[in-house]
Amino acid sequence: MSRWTLPPDRIPSAWFNVAPHLPEPVDPPLHPATREPVGPEDLAPLFPMELIGQEVSTAPWIDVPGEVLDILKLWRPTPLVRAERLERALGTPARIYFKDESGSPSGSHKTNTAVPQAFYNAKEGITRLTTETGAGQWGTALSYAAAQYGLELQVYMVRASYEQKPYRRIAMETWGGSVVPSPVDEPGHPGSLGSAISDAVRDCVGREDTHYALGSVLNHVLLHQTVIGLEAKEQLELAGERLPDVVLASCGGGSNLGGIAFPFVPDEGVRLLAVEPLSCPTLTRGRFEYDFGDVAGLTPLMPMYTLGHDFVPPSIHAGGLRYHGDSPLVSSLVKAGRMEAVAYPQGKVFEAAVQFARVEGKIPAPECAHAVRAAIDEALAAKETGEEKVILFNYSGHGFLDLSAYDDHNNGRLPEEQG
């Protein structure tokens, strides 16, 4: 058997909070004007109080509301798959497993946090949300979730992705979201996640009916994603494995990486690996310091690895990884040496994606393909040493709405980044 599933009643009923397991506590976010630690009242114009509570919680477990579980059960638990055909193609003694998050309604892991965020906002009486999206996976997921709770949604989509990925926009609009390219006041600018966040926050502030929702980076977002790693742990046991030797995932802001890796943080001996694009090498080449989450400096400053909040990355196809900063929780683990990071140019990433598609039959999103590349390299390293390594990676989303990127790769139009 190469696929392990769990019944719906085995969906995790509590999220795993990594905060108590960090080598040292994360410093608090700072107010953009005063540079003093932000309090709940500072964040109340942006987020519902229950999410603010989750943001600062040090409780080891946080219960998932029953109303959220009811929706998550429509596609969760997701399968754990052993990539046996890939193993044979590589000639590796390693065993490669992937957690398949592509079966959610929006096609990626992002729906795991979109649903609880929409739920908590609706519960607090909010009727409208604003957000940003890079490649469109987050905007798509939140459009789906907003529709479940009757919320209006305004999405600011990074202009380069808005032009590259029209079907993402169409999906968002079909679920009822309204989508505009960002930055709204610079029509010739390719955009960045930082500038799209500025647009979304500006829209939100000052409107009592509106909150802002973020698809990555923040503690509560990564908390909601831990259903991935919790399920994977149980499924690996069903597969006859004890613990993986390495757990890896692509990393832009850190949500799918945190989702699969955080439940393994307490397990000594399990390597954790973040995989990022060479064109936006936040963890591998950024500085660890306080920085804004957006270009305009409207958001709190967070302690994180950053390339600078005014950094505008090239318009690579992996739009979900084009973020100047990283999750403070992920940054803390990398800084402490508990997590490693590696960066790849997009040519090597797409070569791995095509190989995976041809042997395993699944076409990964360009973001997810970074994890595929790293998993292949880990398996080839095991081949060199003869180790029967267990590799677990997060297959965070499918690439059916990213086929223009594959068209560019297949026809030699994909520019290569300089390292």
Side-chain angles (χ1 to χ4, degrees), residues 18-19 21-39 42-43 46-47 52 55-56 58 132 134 158 183 191-202 212 214-223 249-258 261-262 265 272-314 316 320-343 370 417 419:
V18 77
H21 304 280
L22 296 176
E24 53 188 49
V26 174
D27 290 328
L30 303 180
H31 193 283
T34 65
R35 304 293 170 105
E36 294 293 321
V38 298
D42 298 313
L43 296 174
L46 296 177
F47 306 110
I52 294 170
E55 191 66 20
V56 298
T58 55
E132 78 296 324
V158 172
S192 69
L193 280 165
S195 59
I197 291 171
S198 295
D199 282 336
V201 171
R202 277 195 204 98
Y212 167 67
L214 188 64
S216 193
V217 179
L218 297 179
N219 299 358
H220 68 265
V221 181
L222 277 66
L223 174 80
S250 57
C251 183
S255 68
N256 96 85
L257 169 68
F262 282 179
V265 167
L272 308 175
L273 180 62
V275 192
E276 59 186 12
L278 192 59
S279 63
C280 196
T282 312
L283 295 170
T284 50
R285 299 190 186 182
R287 294 188 309 275
F288 186 89
E289 61 188 24
Y290 269 103
D291 195 14
F292 295 103
D294 71 314
V295 168
L298 302 174
T299 64
L301 294 99
M302 294 178 288
M304 60 184 178
Y305 282 98
T306 176
L307 297 166
H309 63 277
D310 54 358
F311 175 78
V312 178
I316 61 166
L321 305 185
R322 291 194 299 246
Y323 186 57
H324 68 273
D326 251 302
S327 153
L329 294 173
V330 168
S331 296
S332 172
L333 290 167
V334 171
K335 183 168 177 278
R338 179 64 187 94
M339 181 179 280
E340 305 162 36
V342 64
H370 288 70
E417 306 101 312

Peer 1: With sequence neighbours left out, what residues match His220 under side-chain hydrogen bond (donor to acceptor under 3.5 Å, both in side chains)?
Peer 2: Glu55
Peer 1: Does Ser195 have any side-chain contact (heavy atoms from CB on, under 4.5 Å) partners at least two apart in sequence or in another chain, and if so, which?
Peer 2: Ser182, Pro183, Ser192, Val295
Peer 1: Backbone N or O of Ser250 within a donor-acceptor pair of the Asn256 side chain at under 3.5 Å?
Peer 2: yes
Peer 1: State, with a plain yes or no, whether a side-chain heavy atom of Leu283 is found less than 4.5 Å away from one of Cys251.
Peer 2: yes
Peer 1: Between Ile197 and His309, is there a side-chain heavy-atom distance shorter than 4.5 Å?
Peer 2: no
Peer 1: Kindly determine whether Leu333 and Val265 satisfy side chain to side chain contact (heavy atoms under 4.5 Å, CB included), including the steps that lead there.
Peer 2: CA-CA 9 Å; Leu333 290 167; Val265 167; 4.0 Å; yes
Peer 1: Heavy-atom distance under 4.5 Å between the side chains of Glu132 and Asp199, does that happen here?
Peer 2: no
Peer 1: Indicate whether the side chain of Thr284 and that of Glu276 have a donor and an acceptor atom separated by less than 3.5 Å.
Peer 2: yes
Peer 1: Mind checking what makes ring pair (Phe, Tyr, Trp, His ring centres under 6.0 Å) contact with His21, not counting sequence neighbours?
Peer 2: Phe16
Peer 1: Kindly say whether Phe292 contributes a backbone atom to a donor-acceptor pair with the side chain of Thr299 at under 3.5 angstrom?
Peer 2: no
Peer 1: Atom CG in Leu214, atom CZ in Phe47: separation rounded to 0.5 Å?
Peer 2: 6.0 Å
Peer 1: Under the rule for side-chain contact (heavy atoms from CB on, under 4.5 Å), what residues qualify as partners of Asp27, not counting sequence neighbours?
Peer 2: Tyr290, Pro303
Peer 1: Could you give the distance from CG (Leu218) to CG (Leu43), rounded to the nearest 0.5 Å?
Peer 2: 9.0 Å
Peer 1: Looking at residues at least two apart in the chain, or sitting in another chain, which of them share a ring pair (Phe, Tyr, Trp, His ring centres under 6.0 Å) with Phe288?
Peer 2: Tyr305
Peer 1: List the atom of Ser216, the atom of Gly254, and the distance in Å for their closest heavy-atom pair.
Peer 2: OG-N, 3.2 Å
Peer 1: Looking at every non-hydrogen atom in both residues, tell me the closest pair between Val221 and Gly215 and how far apart they are.
Peer 2: CG1-O, 3.3 Å
Peer 1: Where is the tightest heavy-atom contact between Ala336 and Pro23, given as atom of each residue plus distance?
Peer 2: CB-CG, 3.5 Å
Peer 1: Is there side-chain contact between Val330 and Met339, with heavy atoms separated by less than 4.5 Å?
Peer 2: yes
Peer 1: Report yes if the distance between the aromatic ring centroids of Phe311 and His324 is under 6.0 Å, otherwise no.
Peer 2: no
Peer 1: Measure the spacing between CG of Leu307 and CG of Asp291 and express it to the nearest 0.5 Å.
Peer 2: 9.5 Å
Peer 1: Taking C-beta and beyond as the side chain, do Leu30 and Glu36 meet within less than 4.5 Å on heavy atoms?
Peer 2: no
Peer 1: To the nearest 0.5 angstrom, please state how far the OG atom of Ser198 sits from the CG atom of Leu193.
Peer 2: 11.0 Å
Peer 1: Which side-chain hydrogen bond (donor to acceptor under 3.5 Å, both in side chains) pairs, counting each pair once, include a residue from residues 325-340, with sequence neighbours left out?
Peer 2: Arg271-Glu340
Peer 1: If you measure from CG on Leu321 to CG on Leu278, what distance do you get to the nearest 0.5 Å?
Peer 2: 12.5 Å
Peer 1: Can you tell me how far the CG atom of Leu329 sits from the CE atom of Met302, to the nearest 0.5 Å?
Peer 2: 10.5 Å
Peer 1: Ignoring hydrogens, what is the shortest heavy-atom contact between Pro281 and Ser279? Give both atom names and the distance.
Peer 2: CD-C, 3.5 Å
Peer 1: Just wondering, do Thr282 and Tyr323 contact through their side chains at under 4.5 Å, heavy atoms?
Peer 2: no
